[in-house]
Amino acid sequence: MPKDIDAKESGIGAASKRREDIRFLSGTGNYTDDINVNGQAYVHFLRSDVAHGRITSLDTAAAAGMPGVLRVFTGADFEAVGGLPCGWQVTDRFGEVMQEPAHPVLAQGKVRHVGDPIAAVVAATAEQARDAAEAIELDIEDLPAVVDMKAALAEDAPKVHDDLTSNLCYDWGFVEENKEAVAKAFDEAAHVTTLELVNNRLVANPMEPRVAVGDFNRATGESTLYTTSQNPHVIRLLMGAFVLGIPEHKLRVVAPDVGGGFGSKIFHYAEEAFCTFAAKALNRAVKWTSSRSEAFMSDAHGRDHVTKIELALDADNNFTALRTDTHANMGAYLSTFAPSVPTWLHGTLMAGNYKTPLIYVNVKAVFTNTVPVDAYRGAGRPEATYQLERVIDKAARELNVDPIALRRQNFITEFPYATPVAVEYDTGDYVATMDKLEEIADIKGFDGRRTESEKAGKLRGLGVNCYIEACGIAPSNLVGQLGARAGLYESATVRVNATGGIVVMTGSHSHGQGHETSFPQVISEMIGIPEDMVEIEHGDTANTPMGMGTYGSRSLAVGGSAMVKATEKIINKAKKIAAHLMEASDADVELKDGQFSIAGTDKSVAWGDVTLAAYVPHNYPLEEIEPGLEETAFYDPANFTYPAGAYACEVEVDPDTGKVTIERFAAADDFGNVVNPMIVDGQVHGGLGQGIGQALLEGCVYDEDGQLLSASFMDYAMPRADDVPFYQVDHSCQTPCTHNPLGVKGCGEAGAIGSPPAVVNAVVDALRSAGKDVTHIDMPLTPARVWAAMQS
Amino acid sequence: MYEFEFARPASVAEAVKALSEEDAQALGGGQTLIPTLKQRLAMPSTLVSLSGIDEMKGIHSEGGQLVIGGAMTHADVAEGAEAYPALAALAGQIGDPAVRNRGTLGGSIANNDPAACYPAAVLGSGATIVTSAREIAADDYFQGMFTTALEEGEIVTAVKFPQPEVANYQKFLQPASRFALVGVFVARFADGVRVAVTGASEEGVFRWGAAEAALATDFSADAISGLTVEADGMIGDIHGTKAYRAHLVGVMTKRAVAAAS
């Protein structure tokens, strides 16, 4: 553990125990599936078992007559209803907006991926709904499926959407104006390294599958949706305004305890709209609980990029230009934020930690007959980091230079730094994180450990890489220009009660991140009251201000900042009250350790005296300020934040079987200021586990007909405890963010972004130590793939 | 699941009678059958649980053989088959604790999943399968993927394991399911060596004759260094090609021999 873990007992920097874990670990959480509305019915979705086809007949009469069935819905019931909206419109390199197909709640005419919902049976019990779904008479005329992205762009490829001109969603160039200059730099380069690679498709697989409960109150005309979401306000706006036509004041969305999201619960899904719609149509609550099998074929998948990357270097090994050509799979429809992932969350990060002066990124987003692909932990940034850090490693080998030295030579060292890909890094110290990494990873001791492994008949490899990420996506006016159809601020209401306790209603959403612990630490620090006097409420649109939720490692940087702004307003007002009570000028009032005092006097009043006065204003400056102590703030950041770090992975490879074992893993991160170092450690550990999962185990595989081969945990390998090592993590290198009040940067995705290239670099290093001419293996590095690479 | 009746007989005779009903299905530990039912891929009229039959339980020695009841769980065998350490170790590596506390020996070999561990031990030991009707030699019992010599309604009541001089099982895990991508059971007896391979073949568990012959004269890993199995006929899927599985058969056999020596 880093040294700072026990530095403080409370407030900012303290390793306060996660208070929410008491209910999570004792089975007393309140998850969406725990919510049961009196009289609720259950829906079962009939889903397509073919990847692409035309519905030639759909007869629900027999199903409608089955026991317990209330109604069978089909696409026809949703013709007057909007489709699922896409929240980001990308403009291509020719100035044209992307092709944006309709995304019906239930299939209309065609099915476009295995799992596409066709009909929905609502019945008194879940088993009755499922029984009746089997009685639906459905005929589908099979159409040829497109699965491979490059094949999907062929002239004669079958079209996923008949009304689009092709399967190309957009052809994006960034920075388009740099294209010629980049080409010239490549022409003049002393050395060019080229690498083709695949960023493997992943299934998020949060522990809690998705659930939706729609309810309707006939007396008030209000609809309520309980759902497994990372951003209930976003769902309320998207579903209310664009799908069902329900104004916000008649629609409440509640996302209670949520058991992990990793991005997959950002998006608005058909099942949410269906349950809300059906509850109103039937005047009865309707519940859907995803099975794990349904999750594999209906939750948005992640990654799935195929890339060619080229790095140009001069004769002194300085990076002079970078060029990439990426195909990004959108799946069959545009999920909520899908278009932004391979573009603005990917191209803008291609500079990494390096002062490469010229960069050109080309991304072709492609429709295929597969589940829609959208943000997954890191979202675009892992794809950028992986290709960049792999090509640098390959360049180091080709040039026969130390890969760490090559990176150090090209580090950005002066901040702020404007990259050639449109973003400006405010702070960072990449030398310091690399120094820290070399220390905690004991890089010097590697050769000795390699010798020991070789004595045991194993190959040992070391992989090192850096990463940078952009968190807290912002500001709203900029992202609006880039195509976002949403603002990206955050909100908080701080409600102080009469006896001094505080409730913070935040627009952020916690689905495992520990906000209920870390957010009170900030308020405790600001006011000087115990953390347990502060509660956090989130997840219910009825009692939280409009906020954008949690993804992109934004909660503390954006949501926490909103909370700080609101708390500052509280403190300012409380000082006025305190000044009145002490018969002093409010400019002289100081607040420390929960006591208001006047400098140079012995006058003081306690926090609780002031809060009581606010609500029992007998002795109160009513002519100057209102009673009460409750403030709301909205915070729209000036820039992204830029956490960065350096990671090192050591692997052993069994030369007989190709099996890779991770022996050591070290992560030196710069997250700016840290509020709770224990929670940060946990976030890094979780991210590393997911990154290692991507690198070694996880691969979502379709066959050429669009059938999902990895459709269950029997074939989709999730990382288990014994697949990952004990980690050395450190976040003592801290260059605080300059533009948010807490100086924080975000830590939720770093591990998943930084670890895959470290693992792959290490395995390639191990194989080369045995004289194998291996330059790359595509993830996941299964034993079979590593063994095959060793045979060639 | 679809609706079914549930029977829990107390004797093999009652179980056989219950299974004579149309579409009745025996239920061992349910580690394959219950997920199948949940996915609505089977629709039995009656599930006949074999967990309440005392005569299918217990582990004892009889005529130099270790006799294990068909209803014994993997955890029971891992703990109770100390007389046959290689077998106990194999049972202790199946699945996870939840699987080992429910899954049974009889259920596993009646199902004969091509990636299951037990078929390798049963065939590699030259065991005898005792059923409600007869005794069947292991060499006659396993007849291909999910296929055995069992007749309709016939129950595996016990397995008699000859006890080898030395034996060992080596399993290379399929990364997702942690079933055997390739598993090899090697057993040396006074009169010869048996090598049984699971996970690898499209025909299910099989004996590797060439390795057995080589090991009979020289029971060492080196003795099989030049031997390979044909990739043709091996399983090829997203977890490993045919060639990879054929290669692993050699690696795992050598490791089993080395560990058994």
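Here is how names work: the chains are called A, B, and so on, in the same order as the sequence lines, proteins then strands, and each is numbered from 1. Given the structure is predicted, the values throughout are model-derived calculations rather than measurements.
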Are A/Arg720 and B/Asp96 close enough for a salt bridge, meaning some N to O gap below 4.0 Å? no

Which of the residues A/Asp715, A/Leu696, A/Val701, A/Leu697 is involved in the greatest number of heavy-atom pairs with chain B at under 4.5 angstrom? A/Asp715

B/Arg40 versus chain A, the contacting section by heavy-atom distance below 4.5 Å: both

Name the region of A/Pro783, side chain, backbone, both or neither, that has any atom closer than 4.5 Å to a heavy atom of chain B. both

Taking A/Asp656 first and then B/Lys254, would you say they form a salt bridge - that is, a charged N and a carboxylate O separated by under 4.0 Å? no

Can you tell whether the side chains of A/Asp723 and B/Arg178 come within less than 4.0 Å, N to carboxylate O? yes

Would A/Gln791 and B/Tyr244 count as having a side-chain donor-acceptor pair, cut-off 3.5 Å? no

Given the options A/Ala784, A/Ser293, A/Ala717, A/Ser291, which has more heavy-atom pairs under 4.5 Å with chain B than any of the others? A/Ala784

Indicate yes or no: at least one non-hydrogen side-chain atom of B/His247 is less than 4.5 angstrom from one of A/Thr657. no

For B/Met252, which atoms come within 4.5 Å of any heavy atom of chain A: side chain, backbone, both, or neither? side chain

Okay, A/Met714 and chain B: the region with an atom under 4.5 Å from a heavy atom over there is both

Any B/Phe172 side-chain heavy atom under 4.5 Å of A/Lys659 side chain: yes

